[in-house]
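Some notes on the structure that comes next.
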Amino acid sequence: MMTGEREKELMNAAGMLLDARRTNTPIEDLPEAVRPVTLEESYFIQDRLALAYGEIGGWKVGAPTAEATPMFAPMPRAWIASNGAELGGKHRFRGLEAEIAFLMGKDLPPREKAYSRDEVVAAIRSCHPAIEVIESGLTDPLKAEKLSMIADLQMHGAFVYGAAVVDWQSIDFSKERVTLAVDGVVRLERTGSNTSGDLMRLLPWLANDGAARTGGLRAGQWMTTGSWTGVSFGTACSSVNVNFSTAGEVDLVVAPVPESTASVVLGLGIGGLLARRRRSS
């Protein structure tokens, strides 16, 4: 049971990470006194950060190995955009990951009896290629304490999805190939490389084990299932393309920040996307 005093310390940690993101002044790590020491504490901080960014548009869920228990984090609705989005704002870290995501078509409310895999699949509206943009209030989240990184929305910065995949249930994800290219140069090429092993195991886990925290999965929410490529990096003005052999492709552009709007963007924060559709010429 978390004490009231510990909750105050963790709320202070959430405030530090939120301030670091919003002002684009990252910190090396959380001070030891307020640093999370359990996964429960990291999730407590995540949830306080998510409150500051408004409606939850979905969840990122993944596992580092086929045997590992998954971890998950909320994705703010305001940070979600469709194919061809322009990544504005003061994004600093600009990490890029190729992922497979699912859009829920039906609610899966919490219940005593566990949802089966078939029930979860039946609740999915569509499957999509996606790019997760990695951002953080930590200077280098990959070098900070792991629980601090998890607390900071598990490095989530934005989510861009491509077109729905026709007949996605016929895809053998263990044989699916993916490339991630920046400015036309392929940075990474992988096959069957989702770190969770069987990525479809993640969704029933989220629907069941994650329900107490998520309040259940809702129609219209996105579930993205972890990186196929590890973290690559973009730069200002770069174009990013992720191409799956069967599941399609998705693009985004990392744009410069117009000087005249810099103060507005800073108010939204480095994680605050804000991604929007690229204007047609």
Side-chain angles (χ1 to χ4, degrees), residues 14 17 36 39-64 68-82 95 97-111 114-115 117 119-136 141 147 149-162 164 168 173 194-228 250 271-273 275:
L17 292 171
L39 187 59
E40 177 191 13
E41 291 189 346
S42 290
Y43 285 163
F44 181 94
I45 295 171
Q46 276 189 15
D47 293 341
R48 297 313 174 278
L49 283 171
L51 285 173
Y53 288 113
E55 180 188 0
I56 292 174
W59 298 85
K60 58 176 290 183
V61 58
T69 300
M71 295 181 294
F72 63 122
M75 300 194 300
R77 176 77 65 185
W79 302 3
I80 296 174
S82 60
E97 293 184 345
E99 308 202 359
I100 294 290
F102 299 89
L103 180 62
M104 299 302 297
K106 298 178 182 178
D107 292 348
L108 293 176
R111 72 181 194 188
Y115 288 102
R117 181 166 175 150
E119 287 178 302
V120 175
V121 169
I124 294 171
R125 180 187 302 172
S126 51
C127 171
H128 302 250
I131 299 171
E132 184 186 12
V133 178
I134 301 301
E135 272 298 343
S136 179
L147 288 173
M149 176 273 288
I150 294 170
D152 191 24
L153 297 179
Q154 220 160 298
M155 305 189 294
H156 183 62
F159 170 78
V160 180
Y161 60 91
W168 67 267
F173 288 115
N194 184 278
T195 57
S196 64
D198 173 15
L199 66 82
M200 293 305 299
R201 77 180 177 93
L202 300 172
L203 302 183
W205 181 91
L206 188 62
N208 294 312
D209 295 70
R213 181 171 170 230
T214 65
L217 306 183
R218 299 179 177 88
Q221 287 187 332
W222 291 91
M223 312 296 145
T224 192
T225 55
S227 179
W228 288 58
V250 56
L273 206 165

May I ask you to test the [X]-[Y] pair for a side-chain heavy-atom distance under 4.5 Å?
X: D209; Y: T69; value: no
X: W228; Y: L199; value: yes
X: I100; Y: W168; value: no
X: R117; Y: D198; value: yes
X: P36; Y: Q46; value: no
X: D152; Y: P141; value: no
X: F72; Y: T214; value: yes
X: M149; Y: M155; value: yes

Atom pair [atom1] ([X]) and [atom2] ([Y]), whose distance is rounded to the nearest 0.5 Å:
X: S82; Y: H128; atom1: OG; atom2: NE2; answer: 11.0 Å
X: N194; Y: S227; atom1: CG; atom2: OG; answer: 8.0 Å
X: Y161; Y: E99; atom1: OH; atom2: CD; answer: 15.5 Å
X: N208; Y: L203; atom1: CG; atom2: CG; answer: 11.0 Å
X: L147; Y: E41; atom1: CG; atom2: CD; answer: 8.5 Å

Which atoms form the tightest heavy-atom contact between [X] and [Y], and what is the distance?
X: A68; Y: A63; result: O-CB, 3.8 Å
X: Y115; Y: P109; result: OH-O, 2.5 Å
X: H156; Y: A158; result: CE1-O, 3.4 Å
X: G162; Y: V250; result: N-CG2, 3.6 Å
X: A130; Y: F159; result: CB-CE1, 3.4 Å
X: W79; Y: G157; result: CE3-O, 3.4 Å

- What pairs with E119 under salt bridge (Lys or Arg N to Asp or Glu O under 4.0 Å), at least two apart in sequence or on another chain? R111
- Could you please spell out the steps behind the side chain to side chain contact (heavy atoms under 4.5 Å, CB included) verdict for D47 and R213? CA-CA 9 Å; D47 293 341; R213 181 171 170 230; 2.9 Å; yes
- Test V120 against L217 for side chain to side chain contact (heavy atoms under 4.5 Å, CB included), laying out the working first. CA-CA 10 Å; V120 175; L217 306 183; 5.5 Å; no
- P70 backbone acceptor or donor facing R201 side chain under 3.5 Å: no
Please report, to 0.1 Å, the donor-acceptor pairs under 3.5 Å made by any side chain of residues 54-62, with sequence neighbours excluded.
unit_1	atom_1	unit_2	atom_2	d
K60	NZ	E132	OE1	3.3
K60	NZ	E132	OE2	2.9
K60	NZ	Q154	O	2.7

- Between F102 and F173, what is the ring plane arrangement, given parallel below 30°, perpendicular above 60°, and tilted in between? perpendicular
